[in-house]
Amino acid sequence: MSLNYPIKFHPILKEKIWGGEKLINVLNKKSSRKNIGESWEVSDIKGDMSIVANGKLKGFSLQDLMVSYRGDLLGKKVFGKFSYNFPLLIKYIDAKEALSIQLHPHDKLAKERHNSFGKTEMWYVMQADKGGDLIVGFKKDSDKQTYLHHLDNKSLLKILNVDKVKKGDVYFIPTGRVHAIGAGVMLAEIQQTSDITYRVYDWDRQDKYGNYRDLHTDEALDAIDYKALDDYKTTYKKENNKTTEVVDCKYFTTNFLPILAKKVKIDHSDKDSFVIYMCVHGSVRFDCNGEKTIVDKGETVLIPASLKKFSIYSRNKAELLEVYINHESPILKDPIFEKKRAKR
């Protein structure tokens, strides 16, 4: 069977102590549960493997596709680097309550401790209630002693940066950066394939059985980046009917594509990578080799690397995130990383 159409997967819905109902009520995920915090759209995590939901390949797993199609699915260079390991995990997240304050280890540390990739990620805010915020990084340069003092005194918010957010805001979260999604925020998350999180503070909350969630105080200490930025929000342009780069790093490139024209022609002949589209607003129709695929807000499709040219038709002022692996990307376009590299 040929890879000639956009592939949808069944969402993998995750109950969370902080989850809510927006993924169901706003993004139309199917569940009778009321605390769905995450929808894993494309996943190669063990025990949470994505299963194809549409077309000729319906019922096959993402792993099945990688084994059968290799570079035709992933791109020859992507397959050469990652083999049968899909490099990205794609999610929608709804925080009815604030997530824990946390961070993620870099590749070397994650490999040594967990035999895993590290977890560099980015957020695109799809909706935020009044007062909705994100915790991202430190207000000013800190150190281990200062951090531990505030952790012990439950006063981390005195030294951490908190930003009020709105639809369209983007934050890039490299490994080591302390962060948390605040209550009332729904967002799209693009990350390395990893489920390794170091939770450092969880607001002293208990689950329905009266248990506290595990914290990872010691593991986090040598993984935290204590450097601060003047501004953590990523700025980008919005140009109708054209892709605009939002984030470009060695792990993924994400573009923003607002579609107001009836039809936009897409040509990925310059890429040696799969491409993922997340519909963050409105609705579109993909026309690929005679195959027509509707993608509504909150849905995600994977375009195989072998499928280079197709058209996208806007159905309702659509906005898409376009994600792929850019083999020419720099190590990381991030000021903190650049400072560290310069000191070596």
Side-chain angles (χ1 to χ4, degrees), residues 14-19 37-38 45-48 89 91 93 95 97-123 133-162 171-183 189 191-229 232 249 251 331-332 334-337 339-341 343-344:
K14 298 284 188 176
E15 289 186 277
K16 298 291 182 179
I17 193 172
W18 41 261
E38 298 183 351
I45 296 289
K46 185 177 180 180
D48 288 300
L89 175 58
K91 303 177 181 177
I93 297 177
E97 298 179 13
L99 275 67
S100 63
I101 298 176
Q102 59 188 247
L103 62 136
H104 309 296
H106 54 68
D107 287 341
K108 185 174 183 294
L109 197 58
K111 179 66 176 177
E112 291 172 353
R113 292 180 176 176
H114 314 286
N115 194 29
S116 171
F117 293 123
K119 190 175 175 183
T120 291
E121 62 189 20
M122 67 157 282
W123 295 330
D133 59 28
L134 302 174
I135 295 172
V136 185
F138 290 90
K139 291 179 181 177
K140 59 183 181 180
D141 289 356
S142 190
D143 54 50
K144 185 181 295 186
Q145 291 71 30
T146 302
Y147 162 79
L148 284 173
H149 168 77
H150 286 284
L151 181 65
D152 291 341
N153 287 278
K154 301 180 181 180
S155 57
L156 277 178
L157 289 182
K158 289 185 177 180
I159 60 172
L160 296 179
N161 175 72
V162 181
Y171 287 81
F172 178 63
I173 314 292
T175 55
R177 185 167 293 171
V178 178
H179 61 276
I181 303 172
E189 180 176 274
Q191 61 160 91
Q192 289 176 267
T193 291
S194 171
D195 201 26
I196 306 300
T197 295
Y198 292 160
R199 191 182 300 123
V200 298
Y201 184 62
D202 198 31
W203 314 106
D204 297 319
R205 64 183 157 199
Q206 299 170 301
D207 65 18
K208 60 184 178 181
Y209 303 108
N211 300 315
Y212 296 98
R213 293 198 294 172
D214 291 338
L215 299 178
H216 310 95
T217 305
D218 293 337
E219 297 95 322
L221 286 178
D222 56 354
I224 295 176
D225 192 325
Y226 296 99
K227 296 288 185 180
L229 295 181
Y232 290 92
C249 70
Y251 302 110
I331 299 294
L332 278 179
D334 183 78
I336 285 182
F337 185 87
K339 289 178 186 177
K340 285 185 172 181
R341 185 167 61 176
K343 290 178 181 179
R344 292 176 181 170

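Start at 1 with the first residue, then count along the sequence. Just so you know, these numbers come straight off a predicted model, no measurement behind them.
When all heavy atoms of Ile159 and Ser142 are compared, the closest pair comes out as CD1-OG, 4.4 Å. Asn161 and Tyr232 get closest at one heavy-atom pair: ND2-CD1, 3.4 Å. The two atoms that bring Leu221 and Lys144 nearest to each other are CD2-CG, 4.1 Å, heavy atoms only. Residues Ser194 and Gly118 approach most closely at CB-O, 3.3 Å, considering heavy atoms. Between Ala228 and Asp141, the shortest heavy-atom contact is N-OD1, 2.8 Å. The heavy-atom pair separating Gly182 from Ala95 by the smallest distance is O-CB, 3.5 Å.
Within the structure, the salt bridge (Lys or Arg N to Asp or Glu O under 4.0 Å) test picks out the following pairs touching residues 110-122 (sequence neighbours left out): Lys108-Glu112, Arg113-Asp222.
Atom CG of Asp152 is separated from atom OH of Tyr147 by 9.5 Å, given to the nearest 0.5 angstrom. Going from atom CD of Gln192 over to atom SG of Cys249 covers 7.5 Å, rounded to the nearest 0.5 Å. A distance of 10.5 Å separates CD in Glu219 from CG in Leu103, rounded to the nearest 0.5 Å. For the atom pair CD1 of Ile101 and CG of Leu156, the computed distance is 5.0 Å after rounding to the nearest 0.5 Å. Taken to the nearest 0.5 Å, the CG atom of Leu148 stands 9.0 Å off from the CG atom of Asp143.
In this structure, the side chain of Trp203 engages the main chain of Leu99 through a donor-acceptor pair within 3.5 Å. A donor-acceptor contact shorter than 3.5 Å is absent between the side chain of Thr197 and the backbone of Arg199. Under a 3.5 Å cut-off, the side chain of Gln191 and the backbone N or O of Leu89 do not form any donor-acceptor pair.
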Check residues 208-215 and write down every donor-acceptor pair under 3.5 Å in which the side-chain atom is one partner and the other belongs to a residue at least two apart or another chain.
| unit_1 | atom_1 | unit_2 | atom_2 | d |
| --- | --- | --- | --- | --- |
| Arg213 | NE | Asp202 | OD2 | 3.0 |
| Arg213 | NH2 | Asp202 | OD1 | 3.0 |

For the pair Asn153 and Lys158, evaluate side-chain contact (heavy atoms from CB on, under 4.5 Å) and give the outcome as yes or no after the intermediate values. CA-CA 11 Å; Asn153 287 278; Lys158 289 185 177 180; over 6 Å; no

Under the side-chain contact (heavy atoms from CB on, under 4.5 Å) rule, what do Arg177 and Asp225 come out as? Steps first, then yes or no, please. CA-CA 6 Å; Arg177 185 167 293 171; Asp225 192 325; 5.6 Å; no

Taking it one step at a time, do Tyr251 and Asp107 satisfy side-chain contact (heavy atoms from CB on, under 4.5 Å)? CA-CA 11 Å; Tyr251 302 110; Asp107 287 341; 2.7 Å; yes

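With respect to Lys14 and Glu38, no salt bridge is recorded, no charged nitrogen being found less than 4.0 Å from a carboxylate O.
Considering Trp123, Phe138, Tyr198, Tyr201 as possible partners of His179, the one that fulfils the ring-ring contact (aromatic ring centres under 6.0 Å, His included) test is Trp123.
For the residue pair Thr175 and His104, no side-chain donor N or O sits within less than 3.5 Å of a side-chain acceptor on the partner.
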